[in-house]
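In what follows, a single structure is set out as structure tokens and then discussed.
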Amino acid sequence: MTKSVKIAPSVLSADFSKIGEEVIKIERAGADVVHLDVMDGVFVPNITFGIKMVKDMRKVSRLPFDCHLMIVNPEKYVEQFALAGADYITVHYEACGKNSASVLNKIKSLGVKAGIVINPNTEVSNIIDLVPLCDMVLVMSVYPGFGGQSFIAEVLDKCRAIRRLIDENGYDCLLEIDGGINKNTAKLAIEAGCDVLVAGSAVFNADDTCAIIKALRCEE
Ligand code: DX5
Ligand code: ZN
């Protein structure tokens, strides 16, 4: 049996005035994971939400929460995101640099799954030694900061390389992709070996949430 890809709607494109209802809507429509984009206005040129928002959303959903921290010094906040109910916390290689391994280990010591994220212009060679520490690797297919951008197809080569690295070494690690995912690019990402597809605008701008989540799985 072929394994099914997981769909992780990003609530960045949800209506924040009714965020609880939006989370319930995607859960009922068949989402596998809730992707939470935390931005600090320093690491990226946008500001979204923080710990309390995650904690309050936690009250309405049992889905795994995937907190994508687009912030500087993420090690200062990972414990609070863990306590708020994160199941996965991913941090950028570009924000952690040589401290990446210790930040990943800190996340894992909190009982939360840990992931490293690379921007479109960051090479896989930078994270080869980190992948064995990761429960997830996130490849950005747009420059982080905003929803609704176009997919950068050049990152698919990096997805294939990370897929090979995971499979050849038998690492227990998911490969996630984030940015510009729609019905067409989902197919390319799945072909390149991605396990988890993040989709913000494609899911929240669709009239039929259930249908778009099903379509993004590209199963038939
Ligand atoms: C971008 C965020 C993404 C974003 C994806 O910085 O990390 O998760 O919400 O949005 P779409 O799917 O609209 O590209
Ligand atoms: Zn994201």
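This is a predicted model, so every value here is computed, not measured. Nothing fancy with the numbering, it's 1 onward along the sequence. Remember, it's 1-based here, ligands and their atoms both numbered in the order they're listed.
Protein contacts to the Zn ion (ligand 2) involving N, O or S atoms at a distance below 2.8 Å are H35 NE2, D37 OD1, H68 ND1, D178 OD2.
In this structure K6 satisfies the salt bridge (charged side-chain N to carboxylate O under 4.0 Å, His left out) test with no other residue, sequence neighbours excluded. Legend: residues meeting salt bridge (charged side-chain N to carboxylate O under 4.0 Å, His left out) with K214, ordered by chain and number and at least two apart, are E220.
Residues I162 and I118 form a side-chain contact, since some pair of their non-hydrogen atoms from C-beta on lies under 4.5 Å apart.
The aromatic ring centres of F16 and F49 sit less than 6.0 Å apart.
Using a 4.0 Å cut-off between a side-chain N of Lys or Arg and a carboxylate O of Asp or Glu, R217 and D32 qualify as a salt bridge. Under 4.0 Å is where a charged nitrogen must lie from a carboxylate oxygen, and between D135 and K108 no such pair does. Classification of R164 and D167 as a salt-bridged pair fails, no side-chain N sitting under 4.0 Å from a carboxylate O. Looking at E21 and K25, no side-chain N of the basic residue comes within less than 4.0 Å of a carboxylate O on the acidic one, giving no salt bridge.
Neither side chain, S102 nor N105, offers a donor N or O lying under 3.5 Å from an acceptor on the other.
Ordered by chain and residue number, the residues placing a heavy atom less than 4.0 Å from ligand 1 are S10, L12, H35, D37, M39, H68, M70, M140, P144, G145, F146, G147, G148, D178, G179, G180, V198, A199, G200, S201.
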